[in-house]
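The residues of the chain are indexed from 1 along the displayed sequence.
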Amino acid sequence: MFVVAVALALALAVAVTVSLASPTTTATGVGHLLVERSLRAAATCSKFPRMCHAKGSPGPDCCRRRCVDVRTDSLNCGRCGRRCRYGWACCRGRCVNIMYDAKNCGGCRRRCPKGSFCRYGMCSYAA
């Protein structure tokens, strides 16, 4: 039992020594993710509005420190902060009810054929 206790104490001492020897400011592993996240958080579109026009950006407009596309974003439809109701979608900057709108039936720019209607997001449902 004494030998097991000594071995356990020795292993613990080596582990503590190794963790103290490695620098805590390295940008690898979890530390790297935290450093990268803090840099990304510092670079917001409210400070740098042109970053929303960069390739891979979610949209060209800056709303509440986030890049968005106000033509398609249901939380910022047409302008920042304008939310669409539940079940509605933002189509070309306007909130539309895609369940009953014949010009946006089931999704943006999905027109029903002339003379048909939109019900439950489908053209001429139960006709």
Side-chain angles (χ1 to χ4, degrees):
M1 187 69 165
F2 177 73
V3 174
V4 172
V6 170
L8 186 59
L10 183 61
L12 184 62
V14 170
V16 169
T17 306
V18 169
S19 67
L20 291 176
S22 64
T24 57
T25 59
T26 60
T28 60
V30 175
H32 172 59
L33 293 174
L34 294 175
V35 168
E36 183 179 317
R37 184 177 181 134
S38 67
L39 289 176
R40 198 178 314 148
T44 62
C45 65
S46 57
K47 291 182 183 177
F48 306 102
R50 292 185 60 175
M51 72 184 288
C52 292
H53 295 282
K55 187 176 183 177
S57 172
D61 308 299
C62 181
C63 293
R64 296 183 183 146
R65 299 186 320 244
R66 299 189 69 172
C67 296
V68 297
D69 188 350
V70 295
R71 295 173 298 159
T72 58
D73 187 17
S74 293
L75 298 177
N76 300 289
C77 188
R79 61 181 165 87
C80 293
R82 182 176 174 209
R83 293 181 174 197
C84 295
R85 289 192 237 171
Y86 177 77
W88 291 43
C90 184
C91 297
R92 292 189 271 179
R94 289 184 33 236
C95 291
V96 295
N97 189 344
I98 59 173
M99 299 300 274
Y100 298 101
D101 186 4
K103 294 179 183 175
N104 300 288
C105 190
C108 295
R109 293 183 152 187
R110 290 185 174 174
R111 277 187 184 265
C112 289
K114 192 171 185 172
S116 65
F117 53 89
C118 181
R119 294 290 179 259
Y120 307 110
M122 297 177 272
C123 294
S124 297
Y125 177 74

Rounded to the nearest 0.5 Å, how far does CZ of Phe48 lie from CZ of Arg65?
14.0 Å
From the options Cys105, Cys112, Cys118, select the one residue that forms a disulfide (SG to SG under 2.5 Å) with Cys123.
Cys112
dist Arg82:CZ -> Arg94:CZ (nearest 0.5 Å) comes out at 9.0 Å
Would a distance-only check, ignoring hydrogens and angles, find a side-chain to backbone donor-acceptor pair under 3.5 Å from Asn104 to Arg109?
yes
Here the gap from Asn76 atom CG to Arg83 atom CZ, rounded to the nearest 0.5 Å, amounts to 8.0 Å
Quick check on the hydrophobic clustering: are Tyr100 and Val96 connected, directly or via other members, by side-chain heavy-atom contacts under 4.5 Å?
no
Apply disulfide bond (SG atoms under 2.5 Å apart) to Cys90 and Cys77, showing your working.
CA-CA 6 Å; Cys90 184; Cys77 188; 2.3 Å; yes
I'd like to know if Trp88 and Leu75 are part of one continuous hydrophobic network [Ile/Leu/Val/Met/Phe/Trp/Tyr, side-chain heavy atoms within less than 4.5 Å].
no
On a heavy-atom basis, the closest approach of Asp61 and Cys52 is O-SG, 3.8 Å
Nearest heavy atoms of Cys63 and Val68, plus distance in Å
SG-CG2, 3.6 Å
For Ile98 and Gly107 the tightest heavy-atom approach is CB-N, 3.9 Å
How long is the straight-line distance from CZ of Arg92 back to NZ of Lys103, given to the nearest 0.5 Å?
8.5 Å
Can you confirm whether the thiol sulfurs of Cys45 and Cys67 sit closer than 2.5 Å?
no
Rounded to the nearest 0.5 angstrom, the SG-CZ distance for Cys91 and Arg71 is 12.0 Å
Nearest 0.5 Å please: distance from the CZ atom of Arg66 over to the OG atom of Ser57.
10.5 Å
